[in-house]
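Here the structure comes first, spelled out in structure tokens, and everything after it is commentary.
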Amino acid sequence: MKPSGKSDPTFKDHAARAATGSAFTQGADNYDIVRPSYPAELSELIPPRSTVVDIGAGTGKFTQLLTTDQDAQRTVYALDPSADMVATLRANLPSISVWRATAENTAMLNASVDCVTCAQTWHWLDQKKALTEADRIIRSDGRLVLVWNTLDVTHPWVLRLTRISHSGDVHREGFYPTIDPPWVLHEERRIKWVQMVTTDDLFRLARSRSYWLRANEATRAKVEANLSWYLFERLGFDPGDLVPLPYRTDAFCYVRDRSACCM
């Protein structure tokens, strides 16, 4: 069993990508409970006193990181197409402006932000349209920041876990997103870390995936049965045990190539 060698999930076309991503119109409560946050040092990619919009913000996992550093004095906005996600996001962060919109059509003014962030989002988008929209709303000296949390499948037991729970082993270690000019890579962060979870959390994590959310009851039962066998029989955990779950975070900060813009 080998990890994925891909830099992006494979979809037949954008319609298939959109249909799979639409699974997140439900399940926000579980997503919010079980999905991890992001390493605090990623906040360094976004300058202080900047205006930021977190696109595809979900329940606000990355948005919260942007607002935690009070000394940074950022103005933060957030949007997501899912009504379920937005409702949870508003409850989590009632002090910021949140609305329903897509990355391809944000409803923001031209050159209105210093930075666009997309955490766990970019692979669900029509990337050319989303990049055109980002280019429209980001000021001339602004930044585009793309972030992914991925289970660290260099650990063999985690790789098998992802296959059983359909947890999306789709971004190979060391991958780079494909971003068109005039945007160029300014800085990247590659971080490995561990989240302590319970065996119950691993079931919840499977239920937060697009595969589960789109599956029928028979398929869901099969996933849970396989996961139960793997955790309790194959690996020997007891229900409720704490498990160190390894993650890696890949973050990329892009700026405009001024020489390209001026040619």
Side-chain angles (χ1 to χ4, degrees), residues 32 37-83 85-149 177 179-189 191 249-262:
D32 193 49
S37 185
Y38 297 85
E41 67 189 77
L42 297 188
S43 181
E44 298 168 6
L45 296 175
I46 296 92
R49 293 176 294 281
S50 57
T51 300
V52 189
V53 59
D54 192 20
I55 290 178
T59 64
K61 294 290 184 176
F62 194 77
T63 321
Q64 190 162 18
L65 180 65
L66 299 174
T67 62
T68 299
D69 185 0
Q70 298 298 319
D71 292 336
Q73 298 180 343
R74 299 186 186 100
T75 300
V76 179
Y77 304 106
L79 62 89
D80 194 276
S82 165
M85 294 286 183
V86 164
T88 302
L89 174 53
R90 284 175 174 155
N92 287 341
L93 296 170
S95 63
I96 71 168
S97 295
V98 178
W99 65 96
R100 289 184 65 193
T102 66
E104 298 86 351
N105 186 5
T106 63
M108 301 193 76
L109 297 175
N110 292 347
S112 56
V113 297
D114 300 298
C115 184
V116 162
T117 62
C118 292
Q120 220 71 12
T121 301
W122 193 252
H123 56 286
W124 294 119
L125 309 179
D126 182 324
Q127 294 172 5
K128 288 191 177 297
K129 290 182 179 179
L131 194 59
T132 297
E133 180 71 350
D135 194 49
R136 183 184 69 80
I137 67 174
I138 298 173
R139 294 171 183 140
S140 61
D141 58 348
R143 298 184 176 194
L144 171 67
V145 176
L146 309 181
V147 184
W148 282 267
N149 274 337
I179 302 295
D180 294 333
W183 295 96
V184 294
L185 185 63
H186 172 69
E187 186 176 354
E188 65 184 272
R189 301 287 177 97
I191 306 164
T249 298
D250 299 282
F252 310 91
C253 176
Y254 296 88
V255 296
R256 290 182 179 90
D257 181 348
R258 292 183 181 277
S259 63
C261 291
C262 298

* To do: Go through Gln120 and Tyr38 one step at a time and tell me if the side chain to side chain contact (heavy atoms under 4.5 Å, CB included) criterion holds.
  => CA-CA 10 Å; Gln120 220 71 12; Tyr38 297 85; 3.5 Å; yes
* To do: Given side chain to side chain contact (heavy atoms under 4.5 Å, CB included), test Val184 with Val255 step by step and report yes or no.
  => CA-CA 6 Å; Val184 294; Val255 296; 4.2 Å; yes
* **side chain to side chain contact (heavy atoms under 4.5 Å, CB included) evaluation trace for Arg256 with Trp183** => CA-CA 4 Å; Arg256 290 182 179 90; Trp183 295 96; 3.6 Å; yes
* Given Thr249 and Arg189, is the side chain to side chain contact (heavy atoms under 4.5 Å, CB included) satisfied, shown in steps? -> CA-CA 8 Å; Thr249 298; Arg189 301 287 177 97; over 6 Å; no
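What you find for Leu185 and Glu188 is that their closest heavy atoms are CD2-OE2, 3.6 Å. The two atoms that bring Met108 and Val113 nearest to each other are CE-CG1, 3.5 Å, heavy atoms only. Here the shortest heavy-atom pairing between Met85 and Thr59 reads SD-CG2, 3.5 Å. What you find for Ala57 and Leu89 is that their closest heavy atoms are CB-CD2, 3.8 Å. Closest non-hydrogen pair, Val145 versus Cys115, comes out as CG2-SG, 3.8 Å. The nearest pair of heavy atoms linking Pro81 to Thr102 is CB-CG2, 4.1 Å.
Side chains of Asp257 and Pro181 form no contact here, defined as non-hydrogen atoms less than 4.5 Å apart. With a 4.5 Å cut-off on side-chain heavy atoms, Leu93 and Val76 do not count as touching. The closest side-chain heavy-atom distance from Leu42 to Phe62 is below 4.5 Å.
Taking Asp141 as the reference, nothing meets the salt bridge (charged side-chain N to carboxylate O under 4.0 Å, His left out) condition, with sequence neighbours excluded.
Taken from OG1 in Thr51 to CD1 in Ile138, the straight-line distance is 12.0 Å, to the nearest 0.5 Å. If you take NZ on Lys61 and CG on Leu65, they are separated by 12.0 Å, rounding to the nearest 0.5 Å. For the atom pair Leu79 CG and Arg100 CZ, the distance stands at 11.5 Å (nearest 0.5 Å). Rounding to the nearest 0.5 angstrom, the gap separating the CG atom in Leu66 from the OG1 atom in Thr75 is 11.5 Å. Going from atom NZ of Lys128 over to atom CG of Leu131 covers 8.5 Å, rounded to the nearest 0.5 Å. From Thr63, atom OG1 reaches atom CD1 of Ile55 across 11.0 Å, with rounding to the nearest 0.5 Å.
Residue pairs meeting the side chain to side chain donor-acceptor pair (under 3.5 Å) criterion with at least one member in residues 106-118, sequence neighbours excluded, are Asp54-Thr117, Thr106-Glu133, Asn110-Arg136, Asp114-Arg139. For residues 86-112, the set of pairs meeting the ring pair (Phe, Tyr, Trp, His ring centres under 6.0 Å) definition, not counting sequence neighbours, is empty.
Residue-environment remark: OH (Tyr77) stays at or below the threshold of 12 foreign heavy atoms within 6.0 Å.
The aromatic rings of His123 and Trp148 sit tilted, their planes meeting at an angle between 30° and 60°.
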